[in-house]
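Presented below is the structure to which this report refers.
In what follows, every heavy atom counts, from backbone to side chain, and hydrogens, waters and symmetry copies are set aside. If you read the sequence from its start, that first residue is 1, and numbering goes on from there.
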Amino acid sequence: MRYPIHVDGHFLTEPVPELLQKHKLLTVPFIIGVNNHEGGFVVGDVSYKCLITEGGFLLFCYFIIAAIGDLIVTTYVGSGENRIRNRDGYTEFIGDFLFSTPAVKVVNAHRDAGADVFLYEYHHAPKFQKKRRPSFVKCDHLDEVFMVQGYSCVFFQMASLLISDACPEEEEEFSKIMMNYWGNFARTGSPNGDGLVNWPKYGEEEKYLSLDLKEQVSGHSLKKDRFVFLTQTLPEKIKKLKEKVEHSEL
């Protein structure tokens, strides 16, 4: 879960957080988004002690300070007495920390730099994926790729040699919608086109498009409460605790 980034002075002239803060970005049209259950694929593999970001790195020290751990648990899980809520809250925390919050940080920076930005939250897991997963896993990381590139029905056609399943017609139609959005964006810089629900630009109102099998609807302020918690509340708590520790040491 650690991806070191090398600032080489050519491709990356400064650390990524500084580039985002200073808006040193190419202001080309930009699509970015997340799925509604991003932490599902790693929930059994990620230690709760490994999730903190400092200078762009993931460090294995998040729950060293018990008070920080308590704050996270209270926010995402509650009392801890409900095992189902423990699992779901922990999965949500992983997804928010590793995917949703970074995505919103990036989309805010590109918007503020003057780029046309389109944000999405994706909700539909392909049928063939659902059969391979526990029932509590919703739409996991990369599930939208199957629809964007038409892979879902290809997998069903291959599987049909072994099982009696066929590609659901509604899933095939949804895949066409997804391919239309991404195809339009590649050609014109906007995902919008005839016969498609309007995908609003991400602006001051923080509008995004919710993509699901049954409908595509716009929303605003994607996971705002969690974003504020992870980017403001938690860092402020960590800062105060560090200052308290440093003062005690002096």
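- Every side chain to side chain contact (heavy atoms under 4.5 Å, CB included) that D8 has, sequence neighbours left out, goes to H6, H10, F11, L12.
- Put simply, the side chain of K201 reaches to within 4.5 Å of the side chain of F118, judged on heavy atoms.
- The shortest heavy-atom contact between E81 and N86 is N-OD1, 4.5 Å.
- Between the side chain of E172 and the backbone N or O of P168 there is no donor-acceptor pair closer than 3.5 Å.
- Within the 4.5 Å cutoff, the side chain of E18 has no heavy atoms near those of the K24 side chain.
- For the residue pair H141 and E38, a side-chain donor N or O sits within less than 3.5 Å of a side-chain acceptor on the partner.
- With contacts defined as side-chain heavy-atom distances shorter than 4.5 Å, the pair Y208/V104 does not qualify.
- When side chains are defined from C-beta on, I84 counts as touching R87, because their heavy atoms get closer than 4.5 Å.
- In the hydrophobic clustering, where aliphatic and aromatic side chains (Ile, Leu, Val, Met, Phe, Trp, Tyr) are joined below 4.5 Å either directly or transitively, F136 groups with V137.
- Partner D143 forms a salt bridge (charged side-chain N to carboxylate O under 4.0 Å, His left out) with one of K138, R132, R133 and no other, that one being R133.
- Among the candidates C139, S100, S210, the single residue satisfying the side-chain contact (heavy atoms from CB on, under 4.5 Å) test with N36 is C139.
- Atoms CG and OH, on L211 and Y181 in that order, are 6.5 Å from each other to the nearest 0.5 Å.
- Remark: the backbone N or O of L71 is paired with a side-chain donor or acceptor of T75 at under 3.5 angstrom.
- Atom OH of Y76 is separated from atom CG of D88 by 13.5 Å, given to the nearest 0.5 angstrom.
- By the side chain to side chain contact (heavy atoms under 4.5 Å, CB included) test, T13 pairs with L19, sequence neighbours left out.
- Taking 4.5 Å as the limit, some side-chain heavy atom of K214 sits within range of a side-chain heavy atom of E170.
- Judged by distance alone, with hydrogens and angles left aside, the side-chain atoms of E121 form no donor-acceptor pair with the main-chain N or O of L222 at under 3.5 Å.
- Ion pair K223/E92 flagged as a salt bridge, since at least one NZ, NE, NH1 or NH2 atom sits closer than 4.0 Å to an Asp/Glu carboxylate oxygen.
- Between the T101 side chain and the D96 main chain, a donor and an acceptor come within less than 3.5 Å of each other.
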E173 vs K176, test: salt bridge (Lys or Arg N to Asp or Glu O under 4.0 Å). Steps then yes/no. CA-CA 5 Å; E173 290 302 313; K176 291 177 181 178; 3.6 Å; yes
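- Under the 4.5 Å side-chain criterion, counting only non-hydrogen atoms from C-beta, F99 is not in contact with N35.
- Note: F128 and F146 have perpendicular aromatic rings, judged against thresholds of 30 and 60 degrees for the angle between ring planes.
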